[in-house]
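One structure is given below, encoded as structure tokens.
Just so you know, ligand 1 is whichever comes first in the structure, and atom 1 is the first atom listed for that ligand. Values reported hereafter were calculated over all heavy atoms of this structure, with side chains retained and with hydrogens, waters and symmetry mates removed.
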Amino acid sequence: MTEFRYANVEREMKMYGFDRMVKSTCRGCHGGCGVYVYVKDGKVAKIQGDPDHPINHGTLCSKGLAAAEIAYHPDRLLYPVKRVGPKGSGRWERITWDEALDTIADRINNYREKYGPESIVFGYGTGRENEAVIYRIANLLGSPNVLTAGHFCYGPRICTSIITCGTNPIIDYENGPKCIIMWGNNVTISNPDCYKGEPFSVALSRGAKLIVVDPRLTRPAARADIWLQLRPGTDAALALGMLNVIVNEKLYDKEFVENYTFGWDEFVKRVNEYPLEKVEKITWVPKEKIQAAARLFATTRPGAIQWGVAIEQQINCADNDRLLMFLMGLTGNIDAQGGQVLYKTPPIVNVGQFGAHAMLPREQAAKRLGGDRFRLAARFAIINPKSVWDAIIEEKPYPVKMLFFISSNPVVTRDNAKEVYKALEKVEFMAVADFFITPTAELADIVLPAATWLEMDYIGDFWKRHGYILARRKVVQIGECRSDHEMLNDLAHRIGQGQFWWDSFEGGLDYILEPMGMKWRDFKEMDYVRGEVRYKKYKEFGFSTPTRKFELYSTTLEKMGYDPLPQHREVPESPVSTPELNKEYPYILITGARQPGFFHTENRQVKWLRGLHRDPIVQIHPDTAAKEGIKEGDWVVIESPRGKIKQRAALFPGIDPRVVAAQHGWWFPEKKESNHGWDESNVNILTDNAYEGCDPAIGATNIRALLCKIYPYKDGGLK
Ligand SMILES: Nc1nc2c(c(=O)[nH]1)N[C@H]1C(S)=C(S)[C@@H](COP(=O)(O)OP(=O)(O)OC[C@H]3O[C@@H](n4cnc5c(=O)[nH]c(N)nc54)[C@H](O)[C@@H]3O)O[C@H]1N2
Ligand SMILES: Nc1nc2c(c(=O)[nH]1)N[C@H]1C(S)=C(S)[C@@H](COP(=O)(O)OP(=O)(O)OC[C@H]3O[C@@H](n4cnc5c(=O)[nH]c(N)nc54)[C@H](O)[C@@H]3O)O[C@H]1N2
Ligand code: SF4
Ligand SMILES: [Mo]
């Protein structure tokens with residue numbers, strides 16, 4: 001088979017005159033797909049899926065296919081620049097790498113001296129596989145403040161799974177789950193974290209039952225056996241209702257409960273506080289449907305839950321994650337073949353070890369911003385963004401003087417964008433590393449040109465929990481762009497960390513692989529290495545938690561002073577909690593459902609991908625549109641108590657008339673004035689970041705369910 005594939009590659013090379021083919025791993029999203037990259041005249045000419053690859057089996061998404069268009073885009077930043085006009089003026093001047101890194105190093109050294117290392121905040125957004133190097137430089141500097149999206153994305157799944165069952169349980173698609181719940185997720189579009197859409201679709205084609213929990217009729221929901229169209233933000237109540245059925249109808253795995261769980265009796269009491277009549281009232285989901293879903297999932301094994309970020313961007317984030325794990329565990333699907341497995345990564349230096357968390361002095365860790373309030377977050381080195389903006393604007397509890405964002409566009413991706421903008425305008429010094437000058441980069445003092453995945457050697461997926469590590473090989477050099485790990489390795493030498501870093505980052509790759517007895521030059525000859533796969537390991541070793549059991553009652557949360565049992569908390573801004581506000585803002589707004597061609601704020605300058613989604617779109621029910629005088633395609637104003645934006649209306653009967661769904665991530669690279677229209681259609685102008693609305697343990701901001709009004713847009717309507 002493989003020989004046949006190579007015959008195809010050779011034919012391709014001859015037919016199109018390609019000079020060479022490099023096998024690598026895409027990272028146009030969270031990454032992982034194996035690719036063949038063809039090169040002609042020193043440039044990437046074509047990208048194709050690797051049919052033998054265990055992650056994508058030859059499939060690619062639009063972003064992967066467009067990787068060369070992104071990398072060679074005329075707006076791409078090809079050398080370091082410094083700002084020469086006021087913030088947001090768009091006036092930049094080319095400088096050398098030495099000048100750029102020396103300036104950043106000088107600032108770091110000065111602020112460390114004057115205000116302490118905690119006054120320097122490093123930041124990244126979603127997983128770009130640079131987290132290990134960013135934490136390493138911050139921890140070795142003594143700064144406990146690395147700002148990520150981890151408070152409301154994936155971080156909570158990691159923290160809560162560590163305290164519940166030791167690690168994040170990943171679906172064993174290879175062994176065919178027979179029942180899948182897709183919960184607050186749409187993997188066929190998002191391919192997030194450890195998952196790709198293809199194995200999910202294959203499981204459905206093979207006859208797996210499907211239950212979808214989503215306020216919108218997504219494509220998978222349309223294919224589902226049961227679609228639970230819940231009120232946004234009420235996932236915990238729904239899960240507690242399903243657990244109520246499973247407990248009271250004794251549909252759970254008795255052997256697992258008796259031998260491997262902790263806190264069963266207390267848990268049963270809590271579950272009994274959520275009878276289905278009450279759950280129906282909270283969630284809008286008819287109780288018969290909840291019952292049917294619980295029975296189907298508990299009796300069709302193996303089963304698995306394809307969970308997503310929608311359950312995390314809520315006040316109930318950590319409890320939602322735990323409740324879904326309880327559903328997995330009590331139905332006997334944890335670490336079960338075809339269920340949800342606690343995979344082992346090959347023996348390497350893992351992200352936590354590489355990140356040098358152990359080297360951060362205790363007294364510095366104690367200064368982590370927001371750490372007193374969000375204690376579970378602090379334990380896992382996660383901070384809530386507002387605590388950084390407050391430290392800049394109000395200088396409390398201490399001043400933050402410098403930001404260094406490496407792969408993030410917080411002006412568009414963080415809640416309460418106006419406050420973010422204000423903080424970034426005020427901060428004394430800001431550096432950004434990116435492919436393009438984004439609305440965030442426009443506020444920086446120095447912008448560094450980052451390499452895309454086509455321009456770097458790296459170990460792909462080594463942060464994930466699916467048990468594989470993958471080889472990403474450098475294919476081309478473009479301009480003076482450098483990978484994040486190379487630039488930080490260089491910067492580390494300039495701030496006195498040389499002894500912990502390497503002459504070139506190849507040394508870092510060797511270090512990661514060292515426990516396997518391998519060097520990068522060996523690993524790059526391979527496509528991937530997979531860790532050992534074994535099921536039900538808890539029968540031998542127990543779970544890696546304080547009680548060695550699967551913790552239904554969390555001893556960790558109890559020690560931190562939180563409720564050890566999960567509960568439903570009402571959405572902070574909703575028809576139930578703020579009925580008066582609801583009169584003025586009659587609709588529930590959900591934000592952020594993913595679009596295939598974009599990755600958050602990325603790719604809007606890429607012609608082919610922008611062609612897939614030209615304008616920002618808000619979905620509304622036809623009855624709602626009629627009521628508000630809105631027609632298909634109209635520009636409409638969406639207004640929340642925080643502000644106003646405009647998007648175009650798409651009439652969609654698959655959404656409740658009381659709910660509207662707006663896209664996130666919008667800015668307009670083509671609008672050179674007005675900082676790329678950063679506030680015109682950016683849904684985070686509308687979202688809130690008040691501490692009281694956040695999950696009390698992990699600090700997740702509630703950006704999935706808020707109140708809004710919506711009406712036709714007229715010129716000047718955003719004033
Ligand atoms: N309202 C609302 N807001 C949301 C969400 C939502 O659902 N609704 N989702 C949230 C979630 S889950 C997340 S994770 C965040 C994501 O938030 P961010 O990660 O801040 O979002 P991105 O737009 O992906 O910003 C990444 C920037 O990094 C650049 N970049 C990409 N790869 C690299 C690289 O390898 N190196 C460097 N140096 N730069 C790179 C891109 O060009 C882009 O400008 O957004 C959040 N914001
Ligand atoms: N193409 C593309 N892929 C991406 C990204 C991207 O921007 N573009 N972003 C990446 C990132 S960082 C992440 S975190 C993942 C996220 O990817 P997923 O986890 O798949 O999440 P989303 O697509 O944001 O939302 C999934 C569904 O949640 C529903 N939803 C909204 N509110 C609620 C609610 O209150 N409860 C429930 N149960 N469902 C709700 C939405 O209607 C939507 O259909 O995608 C990653 N992959
Ligand atoms: S899913 Fe992600 S890794 Fe795969 S082709 Fe698309 S962008 Fe690349
Ligand atoms: Mo995310």
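Nearest protein heavy-atom neighbour of atom 3 (N) of ligand 1: N684 ND2, 3.1 Å. For atom 35 (O) of ligand 1, the closest heavy atom belonging to the protein is R27 NH1, 2.9 Å. If you check which protein heavy atom lies closest to atom 4 (C) of ligand 1, you get H664 CD2, 3.4 Å. Of the protein's non-hydrogen atoms, the one nearest atom 24 (O) of ligand 1 is R128 NH2, 2.6 Å. Protein heavy atom in closest approach to atom 10 (C) of ligand 1: Q313 NE2, 3.5 Å.
Within ligand 1, the atoms closer than 4.0 Å to a non-hydrogen atom of T438 are 44 (O), numbered from 1 in the order shown. For ligand 1 and E602, the ligand atoms under 4.0 Å from any heavy atom of the residue are 23 (O), 24 (O), 31 (C), 41 (C), 42 (O), 43 (C). For ligand 1, the atoms sitting less than 4.0 Å from at least one non-hydrogen atom of A433 are 37 (C), 38 (N), 39 (N), numbered in the order shown with element in parentheses. The ligand atoms of ligand 1 that sit less than 4.0 angstrom from a heavy atom of R414 are 17 (O), 20 (O). Counting the atoms of ligand 1 from 1 in the order shown, those under 4.0 Å from a heavy atom of A450 are 36 (N), 37 (C), 38 (N). Taking every non-hydrogen atom of G31 and a distance limit under 4.0 Å, the qualifying atoms of ligand 3 come out as 3 (S). The K196 neighbourhood of ligand 3 comprises atoms 1 (S), 2 (Fe), 3 (S), with distances under 4.0 Å to a heavy atom of that residue. Taking every non-hydrogen atom of G32 and a distance limit under 4.0 Å, the qualifying atoms of ligand 3 come out as 3 (S). Listed by atom number, the atoms of ligand 1 under 4.0 Å from R704 heavy atoms are 7 (O).
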Kindly determine whether Y421 and N675 satisfy side chain to side chain donor-acceptor pair (under 3.5 Å), including the steps that lead there. CA-CA 11 Å; Y421 206 87; N675 196 355; 2.9 Å; yes

Assess the residue pair T25 and D461 against the criterion (side chain to side chain donor-acceptor pair (under 3.5 Å)); give the C-alpha distance rounded to whole Å, side-chain angles, the decisive distance to 0.1 Å, and a yes or no. CA-CA 9 Å; T25 311; D461 282 18; over 6 Å; no

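Of all protein N/O/S atoms, those lying under 2.8 Å from atom 6 (Fe) of ligand 3 come to 1.
Qualifying salt bridge (Lys or Arg N to Asp or Glu O under 4.0 Å) partners for K386, counting only residues two or more places apart in sequence or in other chains: D390, E419.
Atom 37 (C) of ligand 1 has its nearest heavy-atom neighbour, among S407, A441, A593, G28, in S407. In this structure, of N409, T413, D434, the residue bringing a heavy atom nearest to atom 44 (O) of ligand 1 is D434. With atom 34 (C) of ligand 1 as the reference point, the heavy atom nearest to it among T701, D484, L589 is part of D484.
Counting heavy atoms closer than 4.0 Å to ligand 1, residue R594 contributes side-chain atoms (C-beta onward) but none from N, CA, C or O. Residue T126 touches ligand 1 through backbone and side chain together, judged by heavy-atom distances below 4.0 Å. Both the backbone and the side chain of S408 come within 4.0 Å of ligand 1, counting heavy atoms alone. Of the heavy atoms in A149, only side-chain atoms (C-beta onward) come closer than 4.0 Å to ligand 1. At a 4.0 Å heavy-atom cut-off, ligand 1 touches F152 through the side chain alone.
Under the 30°/60° scheme for interplanar angles, the aromatic rings of F122 and F404 are found to be tilted. Ring geometry for H613 versus F598: interplanar angle of 30 to 60°, hence tilted.
Checked for salt-bridge contact, K23 and D527 meet the test: a charged N lies under 4.0 Å from a carboxylate O. In this structure, D75 pairs ionically with K672, as a charged nitrogen and a carboxylate oxygen lie closer than 4.0 Å. Classification of K63 and E602 as a salt-bridged pair fails, no side-chain N sitting under 4.0 Å from a carboxylate O.
A heavy-atom separation below 4.0 Å is found between F435 and ligand 1.
Polar contact check, T687 against ligand 1: no nitrogen or oxygen pair lies under 3.5 Å apart.
No more than 12 heavy atoms of other residues, nucleotides or ligands sit less than 6.0 Å from atom OH of Y528.
Side chain to side chain, N186 and T188 meet the donor-acceptor criterion of an N or O pair below 3.5 Å.
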